[in-house]
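Note that the structure is predicted; figures quoted are calculated from it, not measured.
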Amino acid sequence: MCGRYAASRRPEDLVGLFGVEKWEPEETLAPDWNVAPTKEVWAVLERPLKDAESRRPVRQLRALKWGLVPSWAKSPEGAARMINARAETVEEKPSFKRAFAARRCILPADGYYEWVTGSGERDLEVEGKKKRPRKQPYFVTPADGSVFAMAGLYEFWRDRTRPDADPSAWWVTCSVITTEAEAGPLGVAPEEGPHSLADIHPRMPLMLTEDRWDAWLDPARTHPEELRGLLAPPPGGLMRAYPVATTVSNVRNNGPELLTELEGPEVGTLF
């Protein structure tokens, strides 16, 4: 799954990296090394500009709220539970299928966090001596330092309690698509710890390599068979994972120090 990630790139850099045509400089987000559900995040998407004469899709950089609210939802209360969409069922689930067909986006990240329960902590849990075992966080990121382009979906939701002229009457929300975690060896593996992403967690965000960005963002691609092909996982061996301090577990903590690589896990023996 993907429940927390880091996104520290400046919008100016994202504009150049993704070939963005439209971005409002007054719309800005601070670098965030501990992105959590319901926060605003950067998304790259393609759609016609509002009130423009041309209906040509324009590549835009937009700030969206993480946690998808389907257009038909009566309220946004379930948004925090809709942060992930499974690649295997995204075209079938009522909450995601319409967005998958026409509203796909890229959520740029440095990488994502995942937590592993130490073997000693698991033993204590089994023995009933510890109800909430400590977990060791790992940061997963492209081994070459490039952007982690997470496949995402976005949706519009109208708050009927607000008048049309109210800017907050429309919510634009998003979700990260996840896929089965790679079982093959990591591109760079820690000396002590996991040797594959599947060792850390059975799911991972679907990463889009640069050669697939245009096809993923193109709203004209709507054929189910073609869309299913876009959900293929990237080549193996592109990622690295390393342990980071448990301070990242508290969402109030934020800063580049959260990405500092530890020499070894803080939470005992893991593997």
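Sorted by first then second residue, the ring-ring contact (aromatic ring centres under 6.0 Å, His included) pairs that include residues 211-239, not counting sequence neighbours, are Phe18-Trp213.
The closest side-chain donor-acceptor pair between Thr141 and Asp110, if any, does not fall under 3.5 angstrom. At a cut-off of 3.5 Å, with distance as the only test, a side-chain donor of Glu266 or Thr246 sits close to an acceptor on the other residue. Side chains of Thr178 and Arg203: a donor on one and an acceptor on the other come within 3.5 Å.
Checking side-chain atoms of Asn253 against main-chain N and O of Leu258 turns up no donor-acceptor pair under 3.5 Å. No donor-acceptor distance shorter than 3.5 angstrom exists from the side chain of Arg228 to the backbone of Ala232, with no hydrogens or angles considered. Looking at Glu182, its side chain never comes within 3.5 Å of a backbone N or O of Met239 through a donor-acceptor pair. Remark: the backbone N or O of Val69 is paired with a side-chain donor or acceptor of Thr173 at under 3.5 angstrom. Using a distance-only test at 3.5 Å, with no hydrogens or angles considered, no donor-acceptor pair links the side chain of Arg240 to the main chain of Val140. With hydrogens and angles ignored, the 3.5 Å screen pairs a side-chain donor or acceptor of Asn254 with a backbone N or O of Trp33. The backbone N or O of Val248 sits less than 3.5 Å from a side-chain atom of Arg4, completing a donor-acceptor pair. Not a single donor-acceptor pair under 3.5 Å links the side chain of Asp166 to the backbone N or O of Arg162. Ser175 places a side-chain N or O within 3.5 Å of a backbone atom of Asn84 that can act as its donor or acceptor partner. For the pair Thr89 (side chain) and Glu92 (backbone), a donor-acceptor distance under 3.5 Å is absent.
With sequence neighbours left out, Arg59 forms a side chain to side chain donor-acceptor pair (under 3.5 Å) with Glu46, Asp214. With sequence neighbours left out, the ring-ring contact (aromatic ring centres under 6.0 Å, His included) criterion links Tyr5 to Trp66. Every residue two or more places apart in sequence or in another chain that forms a side chain to side chain donor-acceptor pair (under 3.5 Å) with Trp115 is listed here: Ser249. Listed by chain and residue number, Phe148 satisfy the ring-ring contact (aromatic ring centres under 6.0 Å, His included) test with Tyr112 (two or more places apart in sequence, or in another chain).
Residue Glu40 qualifies as enclosed at atom CD: its count of foreign heavy atoms under 6.0 Å is above 12. Remark: Glu12 CD is packed, more than 12 non-hydrogen atoms of other residues, nucleotides or ligands lying under 6.0 Å away.
Between Asp164 and Arg158, at least one side-chain N (NZ, or NE/NH1/NH2) sits under 4.0 Å from a carboxylate O, which counts as a salt bridge. The pair Glu91-Lys93 does not count as a salt bridge, with every side-chain nitrogen at least 4.0 angstrom from each carboxylate oxygen.
Ile83 and Val41 end up in the same hydrophobic cluster when Ile, Leu, Val, Met, Phe, Trp and Tyr side chains are linked at under 4.5 Å. Placement of Leu197 and Val176 within a single hydrophobic cluster is found when ILVMFWY residues are connected by side-chain heavy-atom separations under 4.5 Å, directly or transitively.
With a 4.5 Å cut-off between side-chain heavy atoms of Ile, Leu, Val, Met, Phe, Trp and Tyr, the cluster of Val58 takes in Leu49.
For the atom pair CZ of Arg104 and SG of Cys174, the computed distance is 15.5 Å after rounding to the nearest 0.5 Å.
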(message) I'd like to know whether Cys2 forms a side-chain contact (heavy atoms from CB on, under 4.5 Å) with Met204, so could you lay out the CA-CA distance, the side-chain angles of the two residues, the decisive distance to 0.1 Å, and finally the verdict.
(response) CA-CA 6 Å; Cys2 178; Met204 64 175 288; over 6 Å; no
(request) Take Tyr154 and Arg62 through the test side-chain contact (heavy atoms from CB on, under 4.5 Å) and record every step on the way to the result. (result) CA-CA 11 Å; Tyr154 69 98; Arg62 301 276 297 271; over 6 Å; no
(request) Take Leu14 and Val20 through the side-chain contact (heavy atoms from CB on, under 4.5 Å) test and state the conclusion after the steps. (result) CA-CA 8 Å; Leu14 296 175; Val20 169; 5.9 Å; no
(request) Begin from the C-alpha positions of Trp170 and Phe156 and carry the test side-chain contact (heavy atoms from CB on, under 4.5 Å) through to its verdict. (result) CA-CA 7 Å; Trp170 283 97; Phe156 294 91; 3.9 Å; yes
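Lys135 has its side chain out of reach of Val116: every pair of non-hydrogen atoms, C-beta onward, lies at least 4.5 Å apart. The shortest distance between side-chain heavy atoms of Thr179 and Leu231 does not fall below 4.5 Å. Residues Arg56 and Glu21 are in side-chain contact: their nearest non-hydrogen atoms beyond the backbone lie under 4.5 Å apart. Side-chain atoms of Val44 and Pro108, non-hydrogen and from C-beta on, do get closer than 4.5 Å to each other. Counting heavy atoms from C-beta on, the side chains of Asp13 and Val147 never come closer than 4.5 Å. Contact annotation: the side chain of Phe96 approaches that of Met82 to within less than 4.5 Å [non-hydrogen atoms, C-beta and beyond]. In this structure the side chain of Pro205 never reaches within 4.5 angstrom of the side chain of Leu107, judged on heavy atoms. At least one side-chain heavy atom of Met207 sits under 4.5 Å from a side-chain heavy atom of Leu238.
Ring geometry, Trp23 versus Trp42: the interplanar angle exceeds 60°, so the pair is classed perpendicular (tilted spans 30 to 60°).
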